[in-house]
Amino acid sequence: MKPRIPQGTRDFTPQQIAKRNYIFGVIKEVYEIYGFRPIETPTMELLDTLTGKYGDEGDKLLFKILNNGDFLKDVKDSLLAEKNSRAIIPKIAKRGLRYDLTVPFARFVVMNQNALSFPFKRYQIQPVWRADRPQKGRYREFYQCDADVIGSKALLYEAEFVQIIDEVFKRLNIDVTIHINNRKLLAGIAEVAGIPDDKFVDMTVAIDKLDKIGHQGVLDEMIRREIAPGAAEKLMELLKITSIEALAAKMDDSGSEIGLTGVEEIQEIWRFLEHSPLKNTLNFNISLARGLSYYTGTIFEVTANDVEMGSILGGGRYDDLTGIFGLKNMSGVGISFGAERIYDIMEAKSLFPEGINNNIKVLIVTFDHAALDYGFGILTALRKAGISADIYPEPAKMKKQMKYANAREIPFVVVIGDNEMETGKLVLKNMETGEQDQLFLEDLIKVFS
RNA sequence: GUAGCUGUAGCUCAGUUGGUUAGAGCACUGGUUUGUGGUUCCAGGGGUCGGGGGUUCAAAUCCCCUCAGUUACCCCA
């Protein structure tokens, strides 16, 4: 049987795990400094919880879990004969794998509201699953690193997230641009341009591609999406305004209340950050839209400078995420780091620091069975002293044991034979320099402590 | 869902206009050395050339179907 893994999934070697944990570690540390606490939710949710939250496209990308037992027993023959998968799925699958961490979080908040105090700040680093077509930087199983604060409309939290983003990428040594926009401002622009509400989503999908396909491309895309050419052209004119002040004036002139609110929100975030300099650039970007339909206010996105790569973080404010689960008036704002893409960037630019691969310190090699017995005692003493150590499990040829130490990138080897057992002085070899020392056990322990 | 590219040893890949017994490097095993690896030398095992069908005296190579991987679009982290 040929070993395989499902499409879009990956194995991780110890070296890769070390690097991933480094990224997760930095993100966690910063989240905790800003007062976020970790939660975890189950891998699977009830399908009811997930369906309808990500649009039709999202529903198709949900992994469903087949019910246990005789799952076809109660399905009517007529339904089976129809071959309508959509209708049959709820009958044979009541659970699905989580698609993101935000919807499970909303459910969590509603279910645990008595145990939480608001504003509630949580972070969550767990894998999610999407039955998407994999491609570069996109997988069917991947980790999200979310932080959200729920139960407050304060724009101070938006400012905090900007600081968090800045701090994380500063620590990871990646130069980024933090793009920020506001859904209300987009609504205002749509209003001024005369784009009807039912075309708003089409509009945002189109203008989100501005960087990629240019002005003409966006215009074509909007017309393809049946937005009136006149309105589309007016919108393109508005998109050319890049300063917040000019947009504020425009919204004021046109009497767009919602647009004005959007501008004011952005300006308030800027005020919070005025006296706290950032390392990275914070960029107001009118063409930033993001697909997710539940955002209602601020929208964030981060791109790495000097690297061809999609966004490495997304986020925003949503006013009514928990409403669907029966808890009204819970405004929240959150972000999600794209750990996989961050990993790829750091790998490509060799940004992982030395020494994050926490390997064992020393390997004991022996010449014969007597030495192996003796060596096992030494090994135990080292481990009791808290030193990460290993022994080659048999007195194989020196060459083989050394090769093994080398392949595992173990920095030191202790050699044990007749001489060492007689004198009690152990040979410690530095595998990098080739230098050797003779030490008693207690001195050996000191070297590694 | 649509389109392009790729499937040859455990891994990375060569294999010419179809032509004898399909190769290399790494990895693995054994020997050489015999108290020292990364950096001696020698030998060895391991392949239904993704699968099926077709053309041909002859197919890894050409054609068709199929499966898988991958990249791009849609959408998204």
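Just so it is clear, the model here is predicted, and its values are computed rather than measured. By convention in this document, chain letters (A, B, ...) are assigned in the order of the sequence lines, proteins followed by strands, and residues within each chain are numbered from 1.
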- Task: Report the distance from atom OH of A/Tyr295 to atom C1' of B/rC76, rounded to the nearest whole Å.
- Result: 11 Å
- Rounded to whole Å, the CZ-C1' distance (A/Arg341 to B/rC76) equals 7 Å
- Rounded to whole Å, the CG-P distance (A/Asp344 to B/rU71) equals 10 Å
- Message: Expressed as a whole number of angstroms, how long is the span from A/Arg138:CZ to B/rU70:C1'?
- Response: 14 Å
- Query: Tell me the side chain to side chain donor-acceptor pair (under 3.5 Å) pairs involving residues 365-381 of chain A, sequence neighbours left out?
  - Reply: none
- Query: Would a distance-only check, ignoring hydrogens and angles, find a side-chain to backbone donor-acceptor pair under 3.5 Å from A/Thr13 to A/Gln16?
  - Reply: yes
- Message: Please list all pairs meeting ring-ring contact (aromatic ring centres under 6.0 Å, His included) that have one or both residues in residues 170-190 of chain A, counting only residues at least two apart or in different chains.
- Response: none
- Message: Rounded to whole Å, please give me the gap between CD1 in A/Ile213 and P in B/rA72.
- Response: 17 Å
- Residues that A/Glu40 engages under side chain to side chain contact (heavy atoms under 4.5 Å, CB included), provided they are two or more places apart: A/Gln126
- Determine yes or no for a side-chain-to-main-chain donor-acceptor pair under 3.5 angstrom, with A/Arg98 supplying the side chain and A/Thr41 the backbone. yes
- Query: Pairs in or reaching into residues 401-413 of chain A: which pass salt bridge (Lys or Arg N to Asp or Glu O under 4.0 Å), with residues at least two apart or in two chains?
  - Reply: A/Asp390-A/Arg408
- Would a 4.5 Å heavy-atom cut-off, applied to side chains only, mark A/Thr298 and A/Leu155 as touching? yes
- Message: Nearest to the A/Arg225 side chain among B/rA72, B/rA77, B/rC75, which nucleotide is it?
- Response: B/rC75
- Message: Taking only side-chain N and O atoms of A/Lys60, does any of them lie within less than 4.0 angstrom of OP1 or OP2 on B/rC75?
- Response: no
Please tabulate the protein-to-nucleotide N/O contacts below 3.5 Å involving nucleotides 35-38 of chain B, giving atom names and distances.
from, atom 1, to, atom 2, distance (Å)
B/rG35, O6, A/Asn419, N, 3.2
B/rG35, O6, A/Asn419, OD1, 3.1
B/rG35, O6, A/Asn419, ND2, 2.3
B/rG35, N1, A/Glu420, OE1, 2.9
B/rG35, N1, A/Glu420, OE2, 3.0
B/rG35, N2, A/Glu420, OE2, 2.8
B/rU36, O2, A/Lys429, NZ, 3.1
B/rU36, O2, A/Gln436, OE1, 3.0
B/rU36, N3, A/Gln436, OE1, 2.6
B/rU36, O4, A/Gln436, NE2, 3.4
B/rG37, N1, A/Met431, O, 2.4
B/rG37, N2, A/Asn406, OD1, 2.5
B/rG37, N2, A/Met431, O, 2.7
B/rG37, N3, A/Asn406, OD1, 3.1
B/rG38, O4', A/Asn406, ND2, 2.7
B/rG38, N2, A/Glu432, O, 3.4

- Can you name the side chain to side chain contact (heavy atoms under 4.5 Å, CB included) partners of A/Leu61, sequence neighbours left out? A/Tyr99, A/Asp132
- Could you tell me the separation between the CZ atom of A/Arg140 and the P atom of B/rA77, rounded to a whole number of Å? 17 Å
- Return yes if some donor-acceptor pair links the side-chain N/O of A/Arg383 with the main-chain N/O of A/Ala389 below 3.5 Å, else return no. yes
- Query: Counting only side-chain N and O atoms of A/Gln135, is one of them less than 4.0 Å from OP1 or OP2 of B/rU70?
  - Reply: no
- Query: For A/Glu141, which residues count as a side chain to side chain contact (heavy atoms under 4.5 Å, CB included) partner, sequence neighbours excluded?
  - Reply: A/Thr9, A/Pro127, A/Trp129
- Task: Output yes when A/Glu265 and A/Arg317 qualify as a salt bridge under the 4.0 Å nitrogen-oxygen rule, no when they do not.
- Result: no
- When rounded to whole Å, the CG to P distance for the pair A/Asp220 and B/rC73 reads 17 Å
- Taking atom C1' of B/rC73 as reference, at what distance in whole Å does atom CG of A/Asp208 sit? 16 Å
- Item | Exercise: do A/Asn181 and A/Asn285 side chains pair donor with acceptor under 3.5 Å | no
Exercise answer: donor-acceptor pairs, residues 21-31 of chain A side-chain atoms, under 3.5 Å, sequence neighbours excluded:
from, atom 1, to, atom 2, distance (Å)
A/Glu29, OE2, A/Arg171, NH1, 3.0
A/Tyr31, OH, A/Cys145, O, 2.9

- Sorted by number, the residues of residues 5-32 of chain A with heavy-atom contact under 4.0 Å to RNA chain B: A/Gln7
- With sequence neighbours left out, write down each residue that passes side chain to side chain contact (heavy atoms under 4.5 Å, CB included) with A/Glu442, or none if nothing qualifies. A/Phe440
Please enumerate all protein N or O atoms sitting under 3.5 Å from an N or O of nucleotides 1-5 of chain B, with distances to 0.1 Å.
from, atom 1, to, atom 2, distance (Å)
B/rU2, O4, A/Arg133, NH1, 2.9

- Task: Using a 4.0 Å heavy-atom cut-off across all strands, classify A/Tyr143 as base, sugar-phosphate, or nothing.
- Result: nothing
- Query: Taking both distances under 3.5 Å as the test for a Watson-Crick or G-U pair, what stems of at least three pairs does RNA chain B have?
  - Reply: B:1-7 with B:67-73, B:10-13 with B:23-26, B:28-31 with B:41-44, B:50-54 with B:62-66
